[in-house]
Student: 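Here's a structure for you.
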There are 2 protein chains.
Amino acid sequence: MLSTGSNAHSNFAAVAMMKPQLETLDELFAAVPRETLDVGAGLFWEGDRAQHIFEVSEGVLRIFKIIGDGRRVITGFLYAGDMVGLTLRDVYLYSAEAVTPVKVRRLTKKAFQDAVEHSPELRPRLFALMCDEMAAAQDQMVLLSRKSAEERVCSFLMLTARRMQGNRQLGRTVQLPMSRQDMADYLGLTIETVSRTITKLIARGVIAPNGRHAFDIAKPGKLLALCGDGDSYEEIGERGAKTRQAVWPH
Amino acid sequence: MLSTGSNAHSNFAAVAMMKPQLETLDELFAAVPRETLDVGAGLFWEGDRAQHIFEVSEGVLRIFKIIGDGRRVITGFLYAGDMVGLTLRDVYLYSAEAVTPVKVRRLTKKAFQDAVEHSPELRPRLFALMCDEMAAAQDQMVLLSRKSAEERVCSFLMLTARRMQGNRQLGRTVQLPMSRQDMADYLGLTIETVSRTITKLIARGVIAPNGRHAFDIAKPGKLLALCGDGDSYEEIGERGAKTRQAVWPH
DNA sequence: ATGCGCTGTTACAGACTGTTACACATTTCA
DNA sequence: TGAAATGTGTAACAGTCTGTAACAGCGCAT
């Protein structure tokens with residue numbers, strides 16, 4: 001069942017206001033006690049009244065929607081430092097569950113809104129955060145709309161590699177704490193296709209398994225090329241020089 | 001043709017600031033002269049320095065990204081009243097082109113930011129706008145990730161039907177000003193699949209063609225059921241009662 | 001009116017991914 | 001320890017959607 005962990009969300013709500021000038025959104029949450037979520041536990045569900053904003057302080061969260069006949073779409077994974085539940089609607093538009101043991105802090109929506117409304121420092125930060133979220137959503141649309149299974153898996157590996165290491169130069173190892181099913185539901189594939197694709201990448205020596213939920217990136221250049229983003233410098237793929245079709249803006 | 005009541009405001013460029021309390025984002029743009037875009041003309045391109053925010057006052061715009069080998073993903077269509085270019089980044093993250101003849105008004109990003117920063121009325125409206133955009137993006141992810149070709153086309157018809165009529169009770173006719181290729185690039189399908197799917201819907205009497213770029217919705221209930229959203233009251237589809245599989249939140 | 005070009009439709013073969021099934025590994029619990 | 005439950009890997013088959021192509025409809029120019 002869903003034990004929301006220790007729900008000691010005592011009313012530290014307004015305490016955040018005591019510091020006259022908060023400079024980062026992090027600081028807003030700093031004074032609030034942390035709550036713990038077990039693996040698989042839900043933080044909130046799609047349709048719940050949206051009364052709190054959360055900050056992940058440890059662990060990984062998945063946010064997802066479910067449509068009629070049980071199909072699940074994971075719209076994102078959230079890591080330490082990310083915020084959840086940011087919406088003006090009166091209900092949450094998605095559900096949030098713990099992929100790993102998670103620690104979060106919560107603020108009432110009202111407290112959060114007041115704090116932002118009264119701090120000229122915080123507003124642009126919130127705005128920037130939402131812009132980043134939007135940019136990520138659009139990248140995901142590109143992935144889901146036009147990328148092959150292999151490109152999706154490679155993109156996910158690259159994205160996760162960058163995020164896990166706190167955006168520092170991507171390390172050689174990627175941790176994938178979520179299950180294959182989670183990956184499939186995030187990438188718009190089936191679990192088998194994810195599995196096959198990973199197997200193929202290993203066989204080609206692009207990545208090497210490092211336990212069940214981690215991979216060493218053996219050929220970062222090739223992995224990047226396989227993402228299908230066709231960025232700036234076109235990597236020399238193994239399917240020959242792409243024709244670099246003129247972008248043809250109508 | 002889509003003509004919103006054209007109230008010929010003439011050039012009062014920066015006058016917007018004179019009114020002490022703006023109440024809607026529309027009013028911000030009201031004083032700016034309108035610019036015209038021909039069909040197919042670009043408003044800005046992905047990677048351009050993002051110096052302006054635009055409001056569509058007439059016509060339809062498509063916003064899209066292009067990846068390496070020419071694949072195009074349309075991330076949205078914008079109608080009268082929508083805003084474009086809203087980002088804190090210093091470059092646009094997508095391109096914008098006119099699907100129909102378009103009229104827009106522009107504000108420099110700085111002017112826009114200042115206005116919002118100084119108006120407690122405007123800020124929540126902007127926030128709400130971005131939340132709506134985020135919600136739309138997530139719905140699109142669901143569509144691209146887990147919906148069949150038929151569900152995608154039906155969802156698009158419903159969405160467009162609602163938007164075109166200015167959100168009033170959905171009329172019987174849907175205008176689709178964009179090309180089949182645009183629809184395909186928005187829905188993550190090929191032009192042929194879009195065409196075939198539409199043909200099938202016509203054959204089944206769900207919709208009826210009304211010129212090349214418009215359809216009459218003959219069976220709104222069935223169209224809604226075919227969207228695959230499995231909402232609240234489960235419509236009685238033609239594939240029998242779905243088993244309403246328990247949502248099984250892990 | 002005729003021809004050209006663009007958009008949209010239809011048909012068919014084929015590819016990629018999904019479906020189904022089963023084997024194996026790991027963990028949990030009796 | 002063993003059995004059940006869960007997660008994962010592999011394979012054969014099937015299905016949807018795609019890619020290619022030819023054709024039809026419409027607008028526009030010669």
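We use all heavy atoms of the structure for the numbers below, so side chains are in, but hydrogens, waters and symmetry mates are not. Order of the sequence lines fixes the chain letters, A, B, ..., with proteins taken first and strands second; residue numbering starts at 1 for each chain.
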Student: For A:Glu192 and A:Ala149, take the nucleotide of DNA chain C holding the closest heavy atom to each; which residue's nucleotide lies nearer the 5' end?
Tutor: A:Ala149
Student: Any N or O donor-acceptor pair linking the side chain of A:Arg196 to the base of C:dG18 at under 3.5 Å?
Tutor: yes
Student: Can a side chain N or O of B:His213 be found less than 4.0 Å away from OP1 or OP2 on C:dT7?
Tutor: no
Student: Can you tell me how far P of C:dT9 sits from CD1 of B:Ile191, to the nearest Å?
Tutor: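 B:Ile191 atom CD1 is separated from C:dT9 atom P by 8 Å.
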Student: Only one of A:Ile191, A:Leu176, A:Leu189 clears side-chain contact (heavy atoms from CB on, under 4.5 Å) with A:Met183; which?
Tutor: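 The option that passes is A:Leu176.
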Student: Expressed in angstrom and rounded to an integer, what is the separation of A:Met183 atom CE from D:dG9 atom P?
Tutor: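 Value for this atom pair: 9 Å.
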Student: Is a side-chain N or O of A:Arg62 found less than 3.5 angstrom from the main chain of A:Met178, in a donor-acceptor match?
Tutor: no
Student: Expressed as a whole number of angstroms, how long is the span from A:Leu187:CG to C:dG18:C1'?
Tutor: 15 Å
Student: Find the distance B:Leu176:CG to C:dT7:P and express it as a whole number of Å.
Tutor: 16 Å
Student: Could you check whether A:Arg106 pairs with A:Glu35 (Lys NZ or Arg NE/NH1/NH2 to Asp/Glu carboxylate O, under 4.0 Å)?
Tutor: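 Salt bridge: yes.
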Student: Closer than 4.0 Å, any side-chain N/O of B:Thr199 to the OP1 or OP2 of C:dT10?
Tutor: yes
Student: Only one of B:Leu37, B:Val56, B:Thr36 passes side-chain contact (heavy atoms from CB on, under 4.5 Å) with B:Lys103; say which it is.
Tutor: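 The option that passes is B:Thr36.
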Student: Taking 4.0 angstrom as the limit, do A:Arg89 and B:Asp132 come out as a salt bridge?
Tutor: yes
Student: Any side-chain N or O of A:Thr193 less than 4.0 Å from the OP1 or OP2 oxygen of C:dG18?
Tutor: yes
Student: Between C:dG8, D:dT8, D:dT18, spot the one nearest the side chain of B:Leu189, thanks.
Tutor: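 The answer is D:dT18, which lies nearest to the side chain.
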Student: Heavy atoms from C-beta onward define the side chain here; which of D:dC17, D:dG19, C:dG8 lies closest to that of B:Ser195?
Tutor: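 My answer, after comparing the listed nucleotides, is C:dG8.
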Student: Between A:Ile198 and B:Thr190, which residue's closest nucleotide on DNA chain D lies nearer the 5′ terminus?
Tutor: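 First, find each residue's nearest nucleotide; the 5'-ward one identifies A:Ile198.
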Student: Under 4.0 Å between any heavy atoms, over every strand shown, what does B:Gly188 touch: base, sugar-phosphate, or nothing? Just pick one.
Tutor: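 If one applies the 4.0 Å heavy-atom cut-off, B:Gly188 turns out to touch the sugar-phosphate alone, with no base involved.
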Student: Within this structure, what is the CD-to-C1' distance between B:Gln181 and C:dT9, rounded to whole angstrom?
Tutor: 14 Å
Student: For A:Glu150 and C:dC16, give me the distance from atom CD to atom C1', rounded to whole Å.
Tutor: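 Going from CD in A:Glu150 over to C1' in C:dC16 covers 12 Å.
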Student: Take atom CE of A:Met178 and atom P of D:dG7, then tell me their distance rounded to the nearest Å.
Tutor: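 The answer, rounded to whole Å, is 15 Å.
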Student: Measure CZ/A:Arg146 against P/C:dC16 and give the value in whole Å, please.
Tutor: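 Between P of C:dC16 and CZ of A:Arg146: 16 Å.
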